[in-house]
Amino acid sequence: MKSLIPFTLVFLLCFACNNENKTTDALIESEVETKIEKPEFAIVIHGGAGTILKKNMTPEREAAYKAKLEEAIRVGYNILKQGGSSLDAVEKTINVMEDSPLFNAGKGAVFTNAETNELDASIMDGKTLNAGASAGTTTVRNPINLARTIMDKSEHVMLSGKGAETFAKEQGLELVDPNYFYTENRFKSLQRAKDREKVELDHDDQTAFYDPTIKDSKFGTVGCVALDKNGNLAAGTSTGGMTNKRYGRIGDAPIIGSGTYANNATCAVSSTGWGEFFIRAQVAHDISALMEYKGLSLQEAARIVIQEKVPNLGGNGGIIAVDKDGNMVMEFNTAGMYRATMNDKGELVIGIYEKK
Ligand code: ASP
C-alpha cells in the first residue's frame with residue numbers, strides 16, 4: 001500500500017498540471033476570441049436628426065448628403081486606421097461637415113433673430129475626461145477646432161463670444177468675416193420663421209414650432225464619436241443652433257454632458273435635437289451613467305434616454321455613440337437622422353430615414 005503513495009502523488013500532480021494547462025489554454029482561447037470580436041477601432045457620425053422624409057427629398061439632394069457623409073467619415077476612418085487618435089478623427093471628420101453648406105454647422109449655420117450666425121461646439125477626450133467648448137462665436141471658421149484648442153491650450157473648459165474669438169485669434173485659428181456664414185437658404189428660413197415670430201427647431205416639424213413651409217428644416221447639427229486603436233474614446237459636436245434664436249441662446253451642443261460626452265470606461269456620445277430638452281435631460285452623460293452605474297449596454301442606455309426620457313419631457317432628437325468595445329449605436333425618435341458608421345474592416349453604413 002505504502003509503495004502506491006508516491007505513484008498516486010505523481011499521478012495527481014500530473015493530473016493537476018495538465019488541468020491547469022487546460023484552464024490556461026481555455027482562458028487564452030476565450031481572450032483571443034474576445035479580441036477578434038472586438039473591433040480595433042470604430043467611427044460614427046451624424047448630420048442632424050429631425051423630420052427628414054423621403055417625399056421631401058430630391059434624388060440629387062439625397063445623393064449630395066450621402067456623398068458628404070461618406071467623405072467625412074472616411075477622413076476619420078483613415079486617421080484611425082493609421083493609428084491616429086480618436087480626438088484627431090473626431091475633429092477632422094467634423095471639419096468636413098462644418099465646411100459644407102449642407103449642415104447646420106460652420107458654413108451652413110442657421111441665422112439668429114438678429115441675422116447673425118452664432119456657432120457652438122464641444123469636444124471631449126474619454127481618456128482624460130478633459131473637454132473643450134465654445135459658444136456664440138461669429139468669426140471662427142471651424143468651431144470644433146476652437147473647442148479642441150480650448151481643451152488643449154487653455155485651463156478652461158468653455159469660452160464664449162468675443163472672449164472665445166480673442167483666444168482663437170491668439171492661437172492662430174482661422175477667422176473669417178461673419179458674411180462667410182451667409183447662405184441664401186438659411187436666410188430665407190429665418191425670414192419665414194420671423195414671419196411667424198417663433199423659435200423653431202432647425203430641422204423639425206413635429207414640435208409646437210412646426211413650420212411646414214420650411215423646406216430646409218431638415219438640416220442639422222453635426223457630430224462624431226470614435227474609438228481608436230489605443231482604446232481611447234472621443235466625441236465632438238458642432239452647430240449653428242436654432243433658427244431665429246435670440247438673447248444669446250446657447251443649446252446643448254457645447255454643453256459637456258448634454259451635447260457631448262466621452263469616457264473610456266463607458267462610451268462616447270454626440271447629440272442632435274431640441275437643445276433645451278437635451279440640456280435638461282443631460283442626454284450624453286445620462287447614457288454613460290446608465291452604463292457605468294447600472295451596467296446597461298450602450299444600446300439599452302441610449303434607448304431609455306432617447307425613446308423615454310427625452311420624449312417624456314416633450315423633446316426630440318437623437319444621438320450617435322460608440323462604446324469601449326466598439327459597439328456603435330444611432331438612436332433617434334424623429335423621422336430621420338443623417339448618419340453613418342464605419343468599422344475597422346472599412347464597412348460603411350449610411351442612413352437618412354428611419355429605415356436607412
Ligand atoms: N441641438 C441643437 C441646438 O439645440 C440643434 C440641432 O441639433 O440641430 O442648438
Side-chain angles (χ1 to χ4, degrees), residues 45-52 65 94 97-98 100-113 116-122 133-137 143-144 147 158 160 181 185-186 189-190 193 198-211 214 216-225 235-261 269-284 305-306 310 313-321 330-339 352:
I45 61 172
H46 73 75
T51 303
I52 308 165
Y65 274 105
I94 288 180
M97 293 188 280
E98 283 181 332
S100 162
L102 290 175
F103 305 99
N104 172 20
K107 173 68 187 156
V110 297
F111 280 88
T112 68
N113 181 265
T116 57
N117 308 91
E118 296 175 5
L119 287 72
D120 304 331
S122 64
S134 65
T137 58
I144 196 69
M158 184 188 267
S160 69
F181 299 107
N185 274 346
R186 300 298 193 202
S189 294
L190 173 67
K198 54 189 167 185
V199 180
E200 46 104 12
L201 183 63
D202 160 55
H203 44 62
D204 200 309
D205 66 6
Q206 284 181 333
T207 70
F209 302 130
Y210 171 46
D211 179 350
I214 298 176
D216 57 358
S217 63
K218 54 189 175 290
F219 302 158
T221 293
V222 306
C224 179
V225 295
T237 312
S238 182
T239 189
M242 283 163 65
T243 301
N244 203 21
K245 65 184 182 180
R246 63 188 97 189
Y247 313 124
R249 181 263 188 193
I250 292 166
D252 59 315
I255 310 289
I256 297 302
S258 296
T260 300
Y261 192 74
V269 182
S270 169
S271 312
T272 170
W274 197 341
E276 278 66 15
F277 293 93
F278 276 62
I279 293 174
R280 290 167 56 203
Q282 282 292 292
V283 165
V305 176
I306 294 301
V310 171
L313 285 175
N316 50 12
I319 59 97
I320 51 160
M330 302 182 284
E331 189 78 29
F332 50 98
N333 59 32
T334 47
M337 180 165 81
Y338 296 107
R339 59 198 188 274
I352 296 180

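By convention here, the first residue in the shown sequence is residue 1. All ligand and atom numbering here is 1-based and tracks the order in the structure.
- Met330 meets the side-chain contact (heavy atoms from CB on, under 4.5 Å) test with Val44, Ile320, Met337, Arg339, Thr341; sequence neighbours excluded.
- Nearest approach of Gly223 to Ser270, heavy atoms of both residues: CA-OG, 3.3 Å.
- When non-hydrogen atoms are compared, ligand 1 lies under 4.0 Å from neither the backbone nor the side chain of Met337.
- Side-chain contact check for Glu98 and Ser238: at least one donor-acceptor pair (N or O, by modelled atom type) lies under 3.5 Å.
- A heavy-atom separation below 4.0 Å is not found between Gly48 and ligand 1.
- Backbone and side-chain nitrogen or oxygen atoms of Thr239 are examined, and none is located within less than 3.5 angstrom of a nitrogen or oxygen of ligand 1.
- Listed by number with element, the atoms of ligand 1 under 4.0 Å from a non-hydrogen atom of Gly241 are 9 (O).
- Close contacts of ligand 1 with Gly275, meaning ligand atoms under 4.0 Å from a residue heavy atom, involve 4 (O).
- Thr272 and Thr221 form no side-chain donor-acceptor contact under 3.5 Å, judged by distance and modelled atom types alone.
- The shell of residues lying under 4.0 angstrom from ligand 1, judged by heavy atoms, excludes His46.
- Shown in contact with Asp252 at under 4.0 Å from a heavy atom are these atoms of ligand 1, numbered in order with element: 1 (N), 2 (C), 3 (C), 4 (O).
- Here's the thing with Gly273: one of its N/O atoms is less than 3.5 angstrom from an N/O atom of ligand 1.
- Checked by atom type and distance alone, the side chain of Asn104 pairs as donor or acceptor with a backbone atom of Gly240 at under 3.5 Å.
- Residue contact check: Thr272 has heavy atoms under 4.0 Å from atoms 6 (C), 7 (O), 8 (O) of ligand 1.
- When each atom of ligand 1 is checked for a heavy atom of Arg249 under 4.0 Å away, the hits are 3 (C), 4 (O), 9 (O).
- Judged as a ring pair (Phe, Tyr, Trp, His ring centres under 6.0 Å), and not counting sequence neighbours, Phe278 has no contacts.
- Taking the six-membered ring for Trp and thresholds of 30 and 60 degrees, Tyr65 and Tyr338 have nearly parallel ring planes, at less than 30 degrees apart.
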